[in-house]
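A, B, ... follow the sequence lines: proteins, then strands. Residue 1 opens every chain.
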2 protein chains.
Amino acid sequence: MRAGPSQEDIRRHNLGALLRHVHLGGPTSRAELTSKMGLNRSTIMALTSDLTAAGLVREELPRETGRAGRPSLVVRPESARVYVFAFDVSPDRIAVARVGLGGVILDRRETVRRRGVFVLEELTGALAGFARQMRRKTRDDTVCVGAAAAVSGGVRKADGVVTFGPNLKAEEAPFGEELGRKLGLGLPVSVGNDANLAALAEHSRGVGVAVRDLIYLHGDVGIGGGIIAGGHLLGGHDGYGGEVGHMVVNPDGRACGCGSHGCLEAEVGERALLEAAGRFGAGPQGRDAVRAVVEAADRGDIVAQEALSRVGDRLGLGVANLVNIFNPEMVIFGGMLREVYLGSAAQVRTQLALHAMGPQRERLRLRTSALGDAATLVGAAELAFAHVLADPLEVLARANT
Amino acid sequence: MRAGPSQEDIRRHNLGALLRHVHLGGPTSRAELTSKMGLNRSTIMALTSDLTAAGLVREELPRETGRAGRPSLVVRPESARVYVFAFDVSPDRIAVARVGLGGVILDRRETVRRRGVFVLEELTGALAGFARQMRRKTRDDTVCVGAAAAVSGGVRKADGVVTFGPNLKAEEAPFGEELGRKLGLGLPVSVGNDANLAALAEHSRGVGVAVRDLIYLHGDVGIGGGIIAGGHLLGGHDGYGGEVGHMVVNPDGRACGCGSHGCLEAEVGERALLEAAGRFGAGPQGRDAVRAVVEAADRGDIVAQEALSRVGDRLGLGVANLVNIFNPEMVIFGGMLREVYLGSAAQVRTQLALHAMGPQRERLRLRTSALGDAATLVGAAELAFAHVLADPLEVLARANT
DNA sequence: CTGGATTGTTACCGGATACAACAAACTCCC
DNA sequence: GGGAGTTTGTTGTATCCGGTAACAATCCAG
């Protein structure tokens, strides 16, 4: 409700908006910025001057214009100079990326990991180690402006502590705090749920660009989700918003790890599919196992087909419920749900036709993730960049001291 | 993304913020406004001067201060002078209220109506007639600054047309347009879904004040809902957000009017309860019939108790799903669901314990509507006032010509 | 090479808020 | 009842931000 000392606020906001433009939209000419932001030429110049002086963007003459008139300077993000660290803790791997302003992945390391084990010391140690390696390779004029991590689990908004997850037992893990300490950059590490951040990623740089209402469904061991409502990530009161995995789609269904029955996760998760296909425990686990089922079904394997069909029905019912409640413009399937959806699109559409209301269904678009496995890392990077976009000059002033 | 000519924007925003303070918070001293809005004394003075000159607020010396120092002028909304018309089309009644700035219901008329009949001409005619009667009784210096209607049905965001609802057949009803024409005030009539507007009302003036994430569930013939996420009403892409009535809570359940099976509406709607209690068709309909079931259960009627129990189970499962997905701070039961919840709170809580995840459940509060039947009217009034709060001076300049 | 078009650059203007100083009005205490 | 202390209204000034306008720079077309 408060407005604040508004002179500075305006400037902050406009600087952030301009930076967000070139961060998300790539190199943009001043002329385009002038029209898209609705500001005057002279104002745009003042803003870009500030950002250039801060070392956040660079202005260059365009190669070819093709049009009459003086060529407009192109504003491009200082991708190589200004960067963040993005971390990802998935059930099957951990990954670190150095992501430049503008969203370029400059460097990246990852390693597999054993499922179900979550030793805070070990994890943060490995991640920080990767980050240090990458940092040593950077030139001296580069500057790290933030860090964020995506974890598969619930992250409490109040303090960023991981409170539950497939890898966690009863205890709570102060993941961000510990990782921040180990990094030793004097930067706080934001933490977010992996599916939430993947949703953010698809919204900013994936299939969901310019889509203000979308639902992203992510499958790995469990089922997670992220909801963009009105252009903003739905966080919920404590930060657990979008946890669609435990929506009950079949009250008499399979037992779920959460203690309930017939959760989306229990009916559509990796284990459900593999068990239905008679492949649980026997062969490989994870993404490859799911892909194998879909391929078998494609080749005519009846058991695989029926497994996919059943899972697709439940998935479709879950999507129908979400569509009825949210009326999104788009639903995006990511992680292993990408394969499941591609293998059972007919069932999903049938369930939608049965259970979703006409008006909500008519303009709905079903898509698969455009960013794939990189989605969580990209989302974490966006989270890390968020405070830079909120107040560009403050961040750089602090980094340059 | 665009910022606009920001000098004016700042002023507009601050004027709106100040007006919203006194509109929602009641009479407020300049000193309080200064601290709450984070603006300087002199700025607050300039803002209140403008609003006073426009006739939107009045400044008065307070009765008693009780504290040292010069008493701060109290800014109060011009409730008697500036008003809107709020309309409500429920299944069982239609209502019109004249609501003053600040949310005071100055005048109100309503009449019962037959269910299931929706004749556009007739409805808008009756509503406009009520409004004209009220308008004749107002003094000359009063000014109507807006109008909005709550309807039980889906309202398409793009054009405000009612596209589906318990009272509608296949056709679409340009309700707002027609009502606006009949009113003849030169004002557009905004239209919103009744449950959405009731949610807005509870959020601004009911149990949900200062709650940024809440779910409001409304029961009459069907089940509607309104979701406030991050302080904003969740509209969805086409405006059908919050339509929780057709979430499937029992795939093998009762047939629903929408063509699906086991929808929340079909399982816990009025008809479901009355049929389970063996009272459908025989006795009275509507709110009174529901109340009778709850009272019978209280007196020990086994059939009524079992009916309530079953309905409460389904309701609880639906709420658990919503809680998992949204992680709201509060769930509010309104309309006939108020009675249902009061009569089956134990079942609802049991289902929550079974199906809702711990972290989401722990800090959740379950409440009943504070505004009761007035919620939809109050919500419609808020919708009507919305554009006044967005740009106070423009609206009044136009009204005074 | 000239004319038209588009944009960068600069100086100036109007508007909005903060700040500071003074006046006004209240409470408390003697 | 009156003075001290406190809080707030009021007014004038300063600062900052964005818009406007005029001019210079640079491109394309012919």
Exercise. May I ask you to say what B/S29 touches in the nucleic acid, namely base, sugar-phosphate or nothing, with a heavy-atom cut-off under 4.0 Å?
Key: nothing
Quiz prompt | Sugar-phosphate only, base, or nothing, as touched by B/T34 at under 4.0 Å among non-hydrogen atoms | solution = nothing
Practice problem: Would you give the length of the straight line joining atom CG of B/L234 to atom NE2 of A/H232, rounded to the nearest 0.5 angstrom? | Solution: 12.0 Å
Quiz prompt | Point-to-point distance, once rounded to the nearest 0.5 Å, from CZ of B/R11 to CG of B/D9 | solution = 13.0 Å
What's the [atom1]-[atom2] distance between [X] and [N], to the nearest Å?
X	N	atom1	atom2	value
A/E32	C/dT6	CD	C1'	14 Å
A/L73	C/dT6	CG	P	17 Å
A/L39	D/dC17	CG	C1'	11 Å
A/R30	D/dT26	CZ	P	13 Å
A/I44	D/dC17	CD1	P	15 Å
A/E60	C/dT7	CD	P	19 Å
B/L61	C/dA24	CG	C1'	11 Å
B/I10	D/dT15	CD1	C1'	14 Å

Check whether any side-chain nitrogen or oxygen of [X] sits under 4.0 Å from OP1 or OP2 of [N], and answer yes or no.
X	N	answer
B/R67	D/dG5	no
A/N14	D/dC17	no
A/R41	D/dA24	no
B/T43	C/dA16	no
A/S72	C/dG8	yes
B/R11	C/dT17	yes

Quiz item: When you check the gap from the basic side-chain N to the acidic O, do B/E394 and B/R12 get nearer than 4.0 Å?
Solution: no
Quiz item: Does A/N40 or A/R70 map to a spot on DNA chain D nearer the 5' end, using the closest nucleotide for each?
Solution: A/N40
Exercise. Between B/A31 and A/A46, name the one whose nearest nucleotide on DNA chain D is closer to the 5' end.
Key: B/A31
Quiz item: Counting only heavy atoms not in B/R156, do more than 12 sit closer than 6.0 Å to its CZ atom?
Solution: yes
Quiz item: In this structure, are over 12 heavy atoms from other groups packed under 6.0 Å from A/E177 atom CD?
Solution: no
Quiz prompt | Nearest-nucleotide 5' precedence on DNA chain C, B/P71 against A/M45 | solution = A/M45
